[in-house]
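Okay, so here's the structure we're looking at.
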Amino acid sequence: YNTEQNLYVSNEKFNQEELFMKKILRSIVAMSLALALVGCSGAGGAAKTSGTASKGAESAKTDLPVLRVAMMPFITSLPARYIQVNKLDEKNGFKMETTMYATGAPMNEALAADLWDVGAMGGAAVTGVANYDMTIIGEVLESQDGLGVFVKPESKIATVKGYNPSYPNVYGDPDTVKGAKILLPIGTAQHFTTLKWLEKIGVKAEDVNIVNMETAQAYQALKADQADAVALNIPTFFDAKNDGMVQVGNLADMGTKYIDMVTANKKSLETKSDIIQKYINLLAEADAALNADTDMATKLMMDYLKEAGAETTEESVRGDLGRVKFIEASEWKNRELGSFAKELGEFYIGLGQLDASLMDKFNTNIIKTYVENIDVK
């Protein structure tokens, strides 16, 4: 009897819950019908149509082939930013999907994981080509300033100037530099600048202590007396000058014109060649626009850095723009793609930073086809 009673109570409870759920369902259905009637009339109908059109437009964008573009919070990526902001990619039948990297070194590592198709970088392209089978397919800009090695004013390195008479503005000599702790991001433009500086004053890389550290942190460490020297780029370069730090080795003073290169994933060249050619065309178009309108370029750069979380000033941005020249389509008649990359490669090999056998890659992995076929509308 007790068992049956319990069963009866359970069934009764179940029936009550079932009736309750049916009431809820009827309410939902009624509400849906009411909304449907509203949606079919007046402003509600227009809103519904607009929403459908918006989804259709979004779907169309999604359907565009994607080009994965690696970016950095530097002027190097400004032409790519110009393309993106002006939606030139979508107007030309593809969609840029961008990823931000702090420097060229992590960008190279991401390439090894097949995380991007195209990008732009400076000295890190050397290790990218040599160690990650990256390709060089174009050039973005060239500069002679904005890269330098700095020390504090009281540093003994700052007491010696013109040790090498061929480079009278370069500071330091073997006695003052050997054993120095130098902070910089390994495999980048700053690394190259530092090695050039050491070469000019007769010091080998193994005679100093080069420590891998991101630029902003490296500069803070110098100010805190935790290093003897740091290699800086824009915008920290300007901070150091304004703070009264001594620039002991500027790339311009060492006679080197620095070039930032367009780099690509070799796998992507096989599957996205047509899109990549469009991208190279648009980079040349962007370069011309940036050269022609400094005010526009300044605002674009300010907005870009702000979005990337990088602190800067208009003065710094204008100084950065003033030190570079973006490479336009017409210049490729007289330019030799890859000459700077080869110089870098030979330099690193000469210093023992790269194995000599890797030099062959600076022939096989420099692809001139894209710049030879630039078509700017």
Test side chain to side chain donor-acceptor pair (under 3.5 Å) applied to Y279 and D117, step by step: CA-CA 11 Å; Y279 181 71; D117 300 316; over 6 Å; no

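Side chain of K178 to backbone of V203: no donor-acceptor contact under 3.5 angstrom is found. Looking only at distances, no side-chain donor or acceptor of D293 sits under 3.5 Å from a matching main-chain atom of A289. When atom types are taken as modelled, the side chain of D173 and the backbone of Y163 share no donor-acceptor pair closer than 3.5 angstrom. Between the side chain of T76 and the main chain of M121, no donor-acceptor pair closer than 3.5 Å is present.
Y132 approaches A112 most closely through the heavy-atom pair CD2-CB, 3.5 Å. Contact detail for Q190 and P185: the closest heavy-atom pair is NE2-CG, 3.4 Å. Closest of all the heavy-atom pairs between D253 and Y167 is O-CD2, 3.3 Å.
Residues that satisfy the side chain to side chain donor-acceptor pair (under 3.5 Å) test with K156, not counting sequence neighbours, are absent from this structure. Qualifying side chain to side chain donor-acceptor pair (under 3.5 Å) partners for E206, counting only residues two or more places apart in sequence or in other chains: none. Evaluation of the side chain to side chain donor-acceptor pair (under 3.5 Å) rule for S166 yields no partner, not counting sequence neighbours. With sequence neighbours left out, K299 forms a side chain to side chain donor-acceptor pair (under 3.5 Å) with D303.
For the pair K266 and D114, the salt-bridge criterion is not met [side-chain N within less than 4.0 Å of a carboxylate O].
Shown are T298, L141, N291; of these, the side chain to side chain contact (heavy atoms under 4.5 Å, CB included) with L321 is made only by T298.
Under 3.5 Å, the side chains of E285 and N281 contain no donor-acceptor pair of N or O atoms.
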What donor-acceptor contacts under 3.5 angstrom involve side-chain atoms of residues 340-350, with partners at least two apart or in another chain?
from	atom 1	to	atom 2	distance (Å)
K342	NZ	N363	OD1	3.3
Y348	OH	F192	N	3.4

Side-chain polar contacts of residues 306-313 - donor-acceptor pairs under 3.5 angstrom, sequence neighbours left out - could you list them?
from	atom 1	to	atom 2	distance (Å)
E307	OE1	R81	NH2	2.8
T313	OG1	S316	N	3.1

